[in-house]
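Data block below; observations after.
None of the values given here were measured: they were computed from a predicted structure.
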Amino acid sequence: LCKSAVDVLRAITYLSGGDVSLATNTKFKSLKRAERRQWIEILDEVTDQEDLHLHKEKFKRLFHMLHVDDYSPKLKQLIQPFRNNERFRSFASYTEEFLEGQMWGKLIPHLLQRPGLLARRISELIDKGCPVVEVLPAFEQVIGRISTRVLMQMVGWLMFRSIDRTSKIIQPKGETATVSFVAGEWKALPSTDLESIQRVIDTELRRRFGALAPLGKVFIDDKLSHIPIPMGMRSASGGMNELPRGAKVPKESDKTTIRLYTYWKHTADVDLSAAVVTSDFTLIEGINYGSPKFPYGVHSGDIRNGANGAYEFIDIDIVKLKNVRPKARYVVFDLRVFAGPKFSEIPNCHIGWMERDIPNSGEIFDISTVVQKNEMNSESKNIILCAFDLDTNEYIWIDTTTSTGSFSSIYSASSELVGLLRSMIELEKPKLWYLFQLHAEARGEIVFTKDEADISFGVTDSSVNINDVDIINGEYMV
């Protein structure tokens, strides 16, 4: 299972309860002599100096824990230059030299040694001036060695570069629920170049999917064209219906009131808010403890200590909101710890929403009206959970923490809030419809009703639903 020294490092990190993304340091657990020898035998077979250079400080500590000097002359020799802080010319250093010098004749053969890296850096090569006609044949040559996950990430990149962009979001490595909003300028690439790369990817994916077992007759729900493929899902909370960020799910009921609610049992002061935002991402106003009542909605009131268990809720009549604030487009659901510890230290803290007939009503609590409930367990003091699109009648999944700390509000954090909302609205990721369509074309027959199908793909009540993340990644992202 371990094909490189980095794989071994991740495995031992996992066994030690550490961060397998290797973004943070881990205190390695002590191993028995027999266990150390087993790991050293694996490392002897798969290790090269490039691997060690990628995480040299971690490998120095790992090799010390394993006592490699006692068992493996090869590993001792490989790690010694890093122990002595000697200069090492890495693969990456040659890559940067060739890239900055626009030495395509050297760079492309160099990157062919690492197909995944070539795939990830095609965008940069093209931006630096490398003609697509030079890089595309190399990409075709090694595409069979590039994982489906990386190819799908490339599809997202092709979508992103189809128009001019002034912002994007990135997810810091090793952080489970945080994204960063990055301003910049990314010019659209020529459509002919993007289409050429897309054709190569589609052809390869159909080839590898076609080698799998036949699916028979296949029905694909059109709603999946709004649901991103759940690659590497990292949630800020655990919930009833966890979705990939950027997913758009239609509001199913005809009820006109959305009740956003939170519950916690701790001395912390937890604040629930709903921000009203225009289509050009300007904050109009917010319903929270400081502004509790509007013609279209109401806040239940501020509770500053939840030691005995506390609820706060906000009711929003979405029809009245559009009438009273005609420029309103989105309602953003926000939860913050105004004073107190992180969510992970507050027991029984959750946020969710339900759909009701009228605002501030005394309807008996009906569990069937709860659309979403999420347990708050992140190492943060705030979360932007979701937004509701008043024009399309869709929930847009955000599920992201922000960098603000204690004593913040939707007003003090408004630029970050609307920036993240905009990035999620404009987020470009390949959708589940695209993935299942490729499978159906490669190994099935597409039908247009669920009753005709041998297998169906949909939001709910299908053979494979959007919540079946393990099945999607294990059986269809192969």
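- Counting heavy atoms of neighbouring residues, nucleotides and ligands inside a 6.0 Å radius, atom NZ of Lys29 does not exceed 12 of them.
- Salt bridge annotation for Glu57-Arg61: absent, with no cationic side-chain nitrogen under 4.0 angstrom from a carboxylate oxygen.
- Using a 4.0 Å cut-off between a side-chain N of Lys or Arg and a carboxylate O of Asp or Glu, Asp391 and Lys322 qualify as a salt bridge.
- For Trp104, the CH2 atom is densely surrounded, since the number of other residues' heavy atoms within 6.0 Å is greater than 12.
- Between Asp127 and Arg121 no salt bridge is recorded (no basic side-chain N to carboxylate O distance below 4.0 Å).
- A search for side-chain hydrogen bond (donor to acceptor under 3.5 Å, both in side chains) contacts involving His350 returns nothing, not counting sequence neighbours.
- Annotation: ring pair (Phe, Tyr, Trp, His ring centres under 6.0 Å) contacts of Phe281 (sequence neighbours excluded): Tyr330.
- Taking a cutoff of 4.0 Å between a charged side-chain nitrogen and a carboxylate oxygen, Lys248 and Asp389 do not qualify as a salt bridge.
- Heavy-atom contacts from other residues, nucleotides or ligands closer than 6.0 Å to CG of Asp470 number 12 or fewer.
- Atoms CG and NZ, from Asn25 and Lys58 in turn, are 4.5 Å apart once rounded to the nearest 0.5 Å.
- A 4.5 Å side-chain heavy-atom check between Arg208 and Leu438 finds every atom pair outside the cut-off.
- Within a 6.0 Å sphere centred on NE2 of His64, heavy atoms belonging to other residues, nucleotides or ligands number 12 at most.
- Asp468 has its side chain out of reach of Phe457: every pair of non-hydrogen atoms, C-beta onward, lies at least 4.5 Å apart.
- A side-chain donor-acceptor contact under 3.5 Å links Thr278 and Asp280.
- Annotation: side-chain hydrogen bond (donor to acceptor under 3.5 Å, both in side chains) contacts of His110 (sequence neighbours excluded): Thr95.
- Residues meeting the side-chain hydrogen bond (donor to acceptor under 3.5 Å, both in side chains) test with Thr203, sequence neighbours left out: none.
- In this structure Glu45 satisfies the salt bridge (Lys or Arg N to Asp or Glu O under 4.0 Å) test with no other residue, sequence neighbours excluded.
- Salt-bridge annotation for Lys106 and Glu97: absent, with no side-chain N of the basic residue lying under 4.0 Å from a carboxylate O of the acidic one.
- Legend: residues meeting side-chain hydrogen bond (donor to acceptor under 3.5 Å, both in side chains) with Arg120, ordered by chain and number and at least two apart, are absent.
- Between Phe333 and Trp353, the gap from one ring centroid to the other is short of 6.0 Å.
- Side-chain contact of Thr449 with Glu452: a donor-acceptor pair under 3.5 Å is present, judged by distance alone.
- Using a 4.5 Å heavy-atom threshold, the side chains of Tyr434 and Asp202 count as touching.
- Using modelled atom types and a 3.5 Å distance limit, the side chains of Asp44 and Ser72 yield a donor-acceptor pair.
- A salt bridge links Glu441 to Arg206: one of the charged nitrogens lies within less than 4.0 Å of a carboxylate oxygen.
- The salt bridge (Lys or Arg N to Asp or Glu O under 4.0 Å) search around Glu475 returns none, not counting sequence neighbours.
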Just distance, no hydrogens or angles: give the donor-acceptor pairs under 3.5 Å from side chains in residues 132-141, sequence neighbours left out.
none

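- Looking only at side-chain heavy atoms (C-beta outward), Ile201 and Leu158 come within less than 4.5 Å of each other.
- Environment of OH in Tyr14: sparse, with no more than 12 heavy atoms of neighbouring residues, nucleotides or ligands closer than 6.0 Å.
- With sequence neighbours left out, the side-chain contact (heavy atoms from CB on, under 4.5 Å) criterion links Asp454 to Lys217.
- Salt-bridge check for Glu100 with Lys128: passed, with a basic side-chain N closer than 4.0 Å to an acidic carboxylate O.
- Ser93 is linked by a side-chain contact (heavy atoms from CB on, under 4.5 Å) to Arg89, Ser90, counting only residues two or more places apart in sequence or in another chain.
- Using a 4.5 Å cut-off on side-chain heavy atoms (C-beta onward), Glu252 and Tyr395 make no contact.
- Residues meeting the side-chain contact (heavy atoms from CB on, under 4.5 Å) test with His439, sequence neighbours left out: Phe209, Leu212, Leu215, Leu435, Arg443, Tyr476.
- By the salt bridge (Lys or Arg N to Asp or Glu O under 4.0 Å) test, Glu35 pairs with no residue at all, sequence neighbours left out.
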